[in-house]
Amino acid sequence: MNAHAPRSLHPAHWNLLSRWGLKNNPVLQRELLVNLRTNRSFILLAAYQLLLAAVTWIAWPSDDRLDLTQNPPSARRLVDLFFLGQYVIASLIAPSFAAGTISGEKERQTYEMLLASPLRPGAIVIGKLVAALTHLALLIVASLPIIVLFLPLGGVSVYEVAAAYLGLFVSVILFGSIGVFCSSYFSRTSNSLVVSYLLILPLVIGGVLLWQSLAGDGLLRLKVIVMVVPAFAIAAVILMSAATANRLLYPPDVGSEGKEIIDLEQEAAEAVGLVIQPDQFPDRLFAPPRRDTLMEDGANPVYDKEIHGEIFSQGTLMLRLVIQISILLAIPLMGVLLFWRTGWAPWFAVYVIVFNLLVGPVFLAGTFTSERERQTLDLLLTTTLSPWRIFWGKFIVGFRVAFVLTSFLVWPMLLGLLLNPDFYSNWALIVGMFAIPVMVAVVNAFVAITASLYQTRTSMALMTTYLVLIVLYVIPAGLSTLASTLNLPEKAQRVIDWLGVSSPFRALFALPMDHQILRSDEVSQSHAGNPMLVLGYFACSLAIIAITMILIAAKMKRLGGHLE
């Protein structure tokens with residue numbers, strides 16, 4: 001026997017791999033080939049590496065010699081920012097890969113074929129989950145050389161870095177499991193994606209607060225990340241995977257013929273918690289009852305069809321989950337941010353903006369792509385309705401639903417501002433905390449419907465919208481945080497600040513706050529803010545709306561000529 005021949009695995013090991021669905025799993029093999037060979041995977045990996053390289057180049061000290069005996073706090077902040085950035089990026093990317101694993105089969109009408117295969121439901125779930133997260137795991141592994149370069153700068157130990165990577169991998173598996181779990185309950189990827197994001201949002205907030213709160217005690221943070229976080233995540237992953245496998249074993253949504261429209265009365269009778277009642281306020285604002293009379297003369301049939309039929313075509317499960325999850329998280333945030341830590345009040349408006357950023361595009365990014373997917377766009381264009389009338393009918397419906405759902409979070413903010421007298425002298429802050437989310441909702445709507453016009457698939461339109469909004473909103477705020485962490489020259493920080501005029505987050509924290517809301521005894525400690533940055537944000541938002549309208553007009557002109 002050749003001494004150098006590879007040793008084969010013990011039969012018990014093969015049985016274990018087979019039990020977990022990792023041995024000769026055609027679902028896993030097919031998904032890996034599809035995910036890893038797409039242009040998106042290579043572009044994402046290259047962009048991620050270039051971003052990390054740019055951060056390293058900017059953060060690297062300019063000294064000729066480095067004193068490795070020092071342990072500067074700026075190095076610790078840099079490493080913390082590095083890991084927190086990866087954590088947030090993982091929370092954004094993981095659902096985009098996992099939320100369409102099962103719902104995508106339903107959209108492609110291959111769901112029943114998958115269930116009819118000889119694979120066990122557990123093997124299908126594990127194969128889908130592993131394949132969806134493989135590329136994200138490659139991104140995390142690709143960042144190892146960067147963090148190795150940061151270690152000589154001080155701030156953290158090797159053990160903390162190892163624990164941080166363990167927490168990252170565990171979090172990625174948890175986020176992916178949430179995406180697969182939600183994907184099994186919805187027939188549209190857009191619905192499962194937004195519910196996944198809403199479930200992950202509290203985990204991201206809690207993870208960031210936990211990491212920052214334990215920054216002063218490295219040993220305690222090490223123990224929590226190594227022992228507590230994996231135990232919680234593994235338990236959650238096992239429970240969600242078992243529930244998903246059980247749903248595949250006894251699928252309630254098999255048989256698509258004649259079941260595209262859900263019986264709302266039966267769904268309301270089986271609903272747990274919130275029940276939407278279209279004939280009552282405020283439910284009728286975003287989900288009015290279906291029409292049982294003839295339309296009025298001159299009414300827009302596209303608007304009528306979208307508002308009375310399209311919203312309910314997939315049931316109200318997604319709407320109910322969105323409302324319940326958002327309100328459940330808004331109540332404690334209201335108590336903490338609007339009564340206890342009033343100096344952090346803009347963070348509640350940040351929560352409202354993030355909610356609209358996640359939910360709003362769902363109702364607009366599929367307005368025209370869904371017509372293409374159903375192959376009804378050409379039929380719609382041959383009607384007597386003008387393309388602009390079709391456009392405004394779809395736009396008003398999508399914006400109305402997204403705006404009303406976001407308004408559910410505005411009521412707690414209004415209640416907190418009225419009941420706390422510390423806000424009475426901060427009228428500029430109050431106006432800004434309401435005006436900025438409204439402007440964000442409008443910009444999000446125009447960006448989403450523009451993506452829907454220019455894309456052919458709803459999933460691509462939704463991801464394009466998220467990508468554009470992240471570039472406009474998140475990256476400028478991240479650059480500003482990075483500049484302050486690295487103590488860049490004042491001139492460079494000013495340039496970065498003005499580049500952030502497109503970000504509502506930068507505008508919110510540029511609002512003025514007096515000493516009362518900051519709980520300070522001296523008037524001189526008031527936060528003057530940056531009114532010019534706030535005005536620049538509104539001007540930039542209007543410019544973005546104007547650009548999208550130009551793109552929309554060009555596409556509407558083509559649709560009017562039926563050049564689609």
Side-chain angles (χ1 to χ4, degrees), residues 205 209 212 330 333-357 406-407 409-444 472-485 487-545:
I205 295 175
L209 294 178
Q212 293 289 65
L333 287 177
M334 179 185 69
V336 173
L337 302 177
L338 301 182
F339 289 95
W340 181 35
R341 296 281 189 174
T342 54
W344 298 352
W347 282 103
F348 193 91
V350 169
Y351 171 62
V352 177
I353 291 173
V354 171
F355 175 82
N356 186 268
L357 190 151
T406 306
S407 299
L409 302 182
V410 175
W411 287 110
M413 185 167 66
L414 178 62
L415 182 64
L417 296 178
L418 291 178
L419 295 180
N420 193 342
D422 292 339
F423 290 98
Y424 293 170
S425 58
N426 292 268
W427 62 269
L429 175 66
I430 295 175
V431 172
M433 287 179 63
F434 284 98
I436 293 175
V438 171
M439 180 59 74
V440 168
V442 176
V443 172
N444 292 352
L472 293 175
Y473 297 167
V474 180
I475 291 182
L479 289 176
S480 179
T481 304
L482 182 63
S484 60
T485 301
N487 295 321
L488 295 181
E490 184 178 351
K491 183 178 180 181
Q493 291 193 23
R494 275 201 306 269
V495 173
I496 293 176
D497 286 341
W498 281 111
L499 290 176
V501 293
S502 63
S503 174
F505 307 126
R506 299 282 299 130
L508 278 173
F509 291 98
L511 296 172
M513 292 184 286
D514 63 13
H515 67 287
Q516 293 184 358
I517 196 173
L518 294 175
R519 306 287 172 85
S520 175
D521 297 332
E522 299 181 9
V523 180
S524 59
Q525 295 182 357
S526 300
H527 176 61
N530 190 348
M532 295 302 297
L533 181 60
V534 178
L535 295 177
Y537 163 72
F538 283 101
C540 182
S541 299
L542 293 176
I544 294 172
I545 294 174

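Only heavy atoms go into these numbers, but all of them, side chains included; no hydrogens, no water, no symmetry mates.
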>> Could you check whether any side-chain heavy atom of W344 comes within less than 4.5 Å of a side-chain heavy atom of V350, counting everything from C-beta outward?
In response: no

> What pair of heavy atoms forms the shortest contact from L429 to M513, and how long is it?
Replying inline: CD2-CG, 3.8 Å

> Is there any side chain to side chain donor-acceptor pair (under 3.5 Å) pair reaching into residues 531-544, and which pairs are they, with sequence neighbours excluded?
Replying inline: none

>> Quick check: do F505 and V354 have side-chain heavy atoms less than 4.5 Å from each other?
In response: yes

> Could you state the interatomic distance from CD1 (I475) to OG (S480), rounded to the nearest 0.5 Å?
Replying inline: 13.5 Å

> Are the side chains of F538 and I436 in touch, meaning some heavy atoms are under 4.5 Å apart?
Replying inline: yes

> Between the main-chain N or O of H515 and the side-chain N or O of S526, is there a donor-acceptor pair closer than 3.5 Å?
Replying inline: yes

> Do L542 and M439 have side chains that get closer than 4.5 Å, going by heavy atoms?
Replying inline: yes

>> Tell me the closest heavy-atom pair linking F434 and V410, and the distance in Å.
In response: CE2-CG1, 3.3 Å

>> Quick check: do P412 and F348 have side-chain heavy atoms less than 4.5 Å from each other?
In response: yes

> Are the side chains of L419 and F339 in touch, meaning some heavy atoms are under 4.5 Å apart?
Replying inline: yes

>> Which heavy atom of N426 sits nearest to which heavy atom of P512, and what is that distance?
In response: OD1-O, 4.2 Å

> With a 3.5 Å cut-off and no angle check, do the side chains of T406 and N356 form a donor-acceptor pair?
Replying inline: yes

>> For a quick check under 3.5 Å, do S425 and D514 share a side-chain donor-acceptor pair by atom type?
In response: yes

> Between I544 and L472, what is the shortest heavy-atom contact and its length?
Replying inline: CD1-CD1, 3.8 Å

>> Using 0.5 Å steps for rounding, measure from the CG atom of L511 to the NE2 atom of H527.
In response: 8.0 Å

>> Quick check: closest heavy atoms across P346 and F509, and the distance to 0.1 Å?
In response: CB-CE2, 3.9 Å

> What is the ring orientation for F355 with Y351, classed by angle as parallel under 30°, tilted 30 to 60°, or perpendicular over 60°?
Replying inline: tilted

>> Counting C-beta onward and ignoring hydrogens, is there a side-chain heavy-atom pair between R506 and V501 closer than 4.5 Å?
In response: no

> Just wondering, are more than 12 heavy atoms of other shown residues or ligands nearer than 6.0 Å to CH2 in W411?
Replying inline: no

>> Can you confirm whether L418 sits close enough to F423 that some side-chain heavy atom of one is under 4.5 Å from a side-chain heavy atom of the other?
In response: no

> Which atom pair, heavy atoms only, marks the closest approach of M433 to L508?
Replying inline: CA-CD2, 4.3 Å

> Roughly how far, to the nearest 0.5 Å, is CG of L338 from CG of L415?
Replying inline: 9.0 Å

> side-chain contact (heavy atoms from CB on, under 4.5 Å) between L357 and V440: does it pass, once the steps are laid out?
Replying inline: CA-CA 8 Å; L357 190 151; V440 168; 5.8 Å; no

>> So, taking the atom named CG in L417 and the one named CE in M334, what distance separates them when rounded to the nearest 0.5 Å?
In response: 10.5 Å

>> Quick one, T342 with N420, criterion side-chain contact (heavy atoms from CB on, under 4.5 Å). Give me CA distance, side-chain angles, the key distance, then yes/no.
In response: CA-CA 9 Å; T342 54; N420 193 342; 3.3 Å; yes

